[in-house]
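Reviewing the structure listed below.
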Amino acid sequence: MIKLLSHLAHVEIAAPDPAASVAFYERLVGVRAIASEGGKTYLRSWGDYYDYSLVISHGAEPALVEMAWRTTSDEALDEAARRIEAAGVTGVWHDSGFGHGRSYTFTGPFGHTMKLFWDVDKYRGEGEFASVFPDRPERRSRHAVGPRSLDHVTVAARDVRGFAEWYRDVLGFRIMAYTVLDEAPVTVFGVITTNEKSHDLGVVLDTSQRAGRVNHYAYWVDTREDLLQAADVLMENGVAMEYGPSIHGIGEQNFLYFRDPSGMRVEVNTGGYRNYVPDWEPNDWKPSQGSNNLYRNGAMPMSMTESFPPDAAPSATEEGLHPDTAEVIIADALANPYAKQGRG
């Protein structure tokens, strides 16, 4: 079976006030806008091998517009499109896009839009952005946060295992781990990957009525010390930490979460394992084992369960419960499986 996808290349997010979001990311996060075109602003981290990894466009609500993945070859792009359509999903071909060649865009069965491409512009910093290290596309950022690169995106879907299995069967993602409630056999989280990372795509359970929602996207920094410094600098400049710093059990990454001006959740992470096992069998974690917080020394805030765009109806990923939920204890766990001290 041909390997189809290599890695996550960029995400596009919508914001009600794109100018405020762009200013936030440049001033406080330390990514750099390289172009604005067609109502979109393109931003890069210093370690991005391509021109950009974040696109910000206008939208009435914070939302994920699309996630873009680079294939392993031009032939893999054609094969990926063939498999997607064989699975009953019809996409659209485009001759080119900003910074890349022909692409195939589709919306998956759970409402998330994904773009695939092979040909892409490679970035090489010049002048003040040139690095003394030949393998680096740009000089390391002087910014105190200054993430190296985009790491992953975590979306929300009504069926965690169904989501993971569809992307495994159609596009070749590896399923790495699940979280199952202590109280009942309900899967509330899963991670899948195109490479040796624990995940570059995550999925949280969502029983809302809005398809295609996103929980967060994440940047990578090189070390735990960089992450702690990022938390320090952001807080000194008025950005509250929503959750963390701490360490996830699943994936074993150090993490911190905060919000941008639109309300979109952003993660900064580092560390974690690399897994090269071709026949890996995903484990089922429990919240009581520290799936979300390995130390199990603090409750996750309810705000972390919010996904975007928001939904007025109660859901398993937001504060509120379906009135027809049969078991109160299961309903409470669905609302926030990590709310109890001693869980993670």
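Side-chain atoms are counted along with the backbone in the values below, which use heavy atoms only and exclude waters and symmetry mates.
Between R83 and L171, every side-chain heavy-atom pair lies at or beyond the 4.5 Å cut-off. Between H152 and E267, the closest side-chain pair of non-hydrogen atoms falls below 4.5 Å. At a threshold of 4.5 Å between non-hydrogen side-chain atoms, the residues L234 and V145 count as touching. T187 places none of its side-chain heavy atoms less than 4.5 Å from the side chain of T179. Two residues are said to be in side-chain contact when any heavy atoms from C-beta on lie closer than 4.5 Å; D260 and Y25 meet this criterion. Between L8 and L201, the closest side-chain pair of non-hydrogen atoms is not below 4.5 Å. With a 4.5 Å cut-off on side-chain heavy atoms, V239 and L28 count as touching. Contact annotation: the side chain of H112 never approaches that of E66 to less than 4.5 Å [non-hydrogen atoms, C-beta and beyond].
A distance of 6.0 Å or more separates the ring centres of Y42 and H10. A centroid separation of 6.0 Å or more is found between the aromatic rings of Y50 and Y52. In this structure, the ring of F258 has its center no less than 6.0 angstrom from the ring center of Y243. Between Y167 and W69, the ring center distance fails the sub-6.0 Å criterion.
In summary, E306 and R259 engage in a salt bridge, as defined by a charged side-chain N under 4.0 Å from a carboxylate O. By the 4.0 Å N-to-carboxylate-O rule, D206 lies close enough to R213 to be salt-bridged with it. Taking a cutoff of 4.0 Å between a charged side-chain nitrogen and a carboxylate oxygen, D284 and R161 qualify as a salt bridge.
For the atom pair S291 OG and I250 CD1, the distance stands at 5.0 Å (nearest 0.5 Å). How far CG of N215 is from CG of L205: 11.5 Å, rounded to the nearest 0.5 Å. Annotation: the span from Q209 atom CD to T207 atom OG1 amounts to 8.0 Å, rounded to 0.5 Å. Of the inter-residue distances, the one linking H143 atom NE2 with Q229 atom CD reads 10.0 Å to the nearest 0.5 angstrom. Annotation: the span from S96 atom OG to F117 atom CZ amounts to 12.0 Å, rounded to 0.5 Å. In this structure, CD1 in I175 is found 14.5 Å from NE2 in H199, a value given to the nearest 0.5 Å.
Under a hydrophobic-cluster definition in which Ile, Leu, Val, Met, Phe, Trp and Tyr are linked whenever side-chain heavy atoms come within less than 4.5 Å, directly or via other members, W166 and M67 are assigned to the same cluster. One hydrophobic cluster, built from ILVMFWY side chains closer than 4.5 Å, holds both I84 and M114. Transitive grouping of hydrophobic side chains (ILVMFWY, heavy atoms separated by less than 4.5 Å) keeps L43 and F129 in distinct clusters. Hydrophobic clustering (ILVMFWY, side-chain heavy atoms < 4.5 Å, transitive): Y273 and Y276 are in distinct clusters. Both L5 and I2 are assigned to one and the same hydrophobic cluster, defined by single-linkage of ILVMFWY side chains at heavy-atom distances under 4.5 Å.
Residue pairs meeting the salt bridge (charged side-chain N to carboxylate O under 4.0 Å, His left out) criterion with at least one partner in residues 138-157, sequence neighbours excluded, are R32-E138, R44-E138, R140-D222, R148-D222, D151-K197. Sorted by first then second residue, the salt bridge (charged side-chain N to carboxylate O under 4.0 Å, His left out) pairs that include residues 95-108, not counting sequence neighbours, are D74-R102, D78-R102.
Contact detail for P287 and V180: the closest heavy-atom pair is CD-O, 3.2 Å. V170 and A87 make their closest contact through CG2-CB, 3.7 Å (heavy atoms, listed as atom of the first residue, atom of the second, distance). What you find for T154 and V203 is that their closest heavy atoms are CG2-N, 4.0 Å. Between D200 and H7 the shortest heavy-atom distance is OD2-CA, 4.3 Å. Summarising the geometry of A231 relative to L256, their closest heavy-atom pair is CB-CD2, 3.6 Å, with the distance given to 0.1 Å. The nearest pair of heavy atoms linking V31 to S45 is CG1-OG, 3.6 Å.
Remark: R158 pairs with no residue by the side chain to side chain donor-acceptor pair (under 3.5 Å) rule, at least two apart or across chains.
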S36 vs T41, test: side-chain hydrogen bond (donor to acceptor under 3.5 Å, both in side chains). Steps then yes/no.
CA-CA 4 Å; S36 292; T41 299; 3.1 Å; yes
Would Y295 and S246 satisfy side-chain contact (heavy atoms from CB on, under 4.5 Å), going step by step from the backbone distance to the final call?
CA-CA 8 Å; Y295 299 138; S246 190; 3.6 Å; yes
Does V233 form a side-chain contact (heavy atoms from CB on, under 4.5 Å) with N237? I'd like the steps, not just the answer.
CA-CA 6 Å; V233 170; N237 286 275; 3.8 Å; yes
ring-ring contact (aromatic ring centres under 6.0 Å, His included) evaluation trace for Y49 with Y123:
CA-CA 6 Å; Y49 290 105; Y123 184 85; over 10 Å; no
Walk me through it: do S149 and D48 pass the test side-chain hydrogen bond (donor to acceptor under 3.5 Å, both in side chains)?
CA-CA 5 Å; S149 58; D48 288 335; 5.2 Å; no
Show your reasoning for whether side-chain contact (heavy atoms from CB on, under 4.5 Å) applies to F308 and I13.
CA-CA 10 Å; F308 313 97; I13 59 173; over 6 Å; no
Test side-chain contact (heavy atoms from CB on, under 4.5 Å) on I192 and R174; report intermediate values, then the result.
CA-CA 5 Å; I192 62 178; R174 290 197 299 157; over 6 Å; no
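Y257 and F255 have tilted rings, their planes meeting at an angle from 30° to 60° on a 0 to 90° scale.
Inspection of the E252 and S198 side chains reveals no N or O donor paired with an N or O acceptor under 3.5 Å.
A donor-acceptor pair is defined here as one N or O able to donate and one able to accept, closer than 3.5 Å; such a pair exists between the side chain of Q289 and the backbone of K286.
Looking at V65, L54, L64 one by one, the single match for side chain to side chain contact (heavy atoms under 4.5 Å, CB included) with E12 turns out to be V65. With Y104 as the fixed residue, the side chain to side chain donor-acceptor pair (under 3.5 Å) test singles out one of H94, R82, E85, K115: E85.
For the pair R136 and W46, the cation-pi criterion (under 6.0 Å, within 45° of the ring axis) is not fulfilled.
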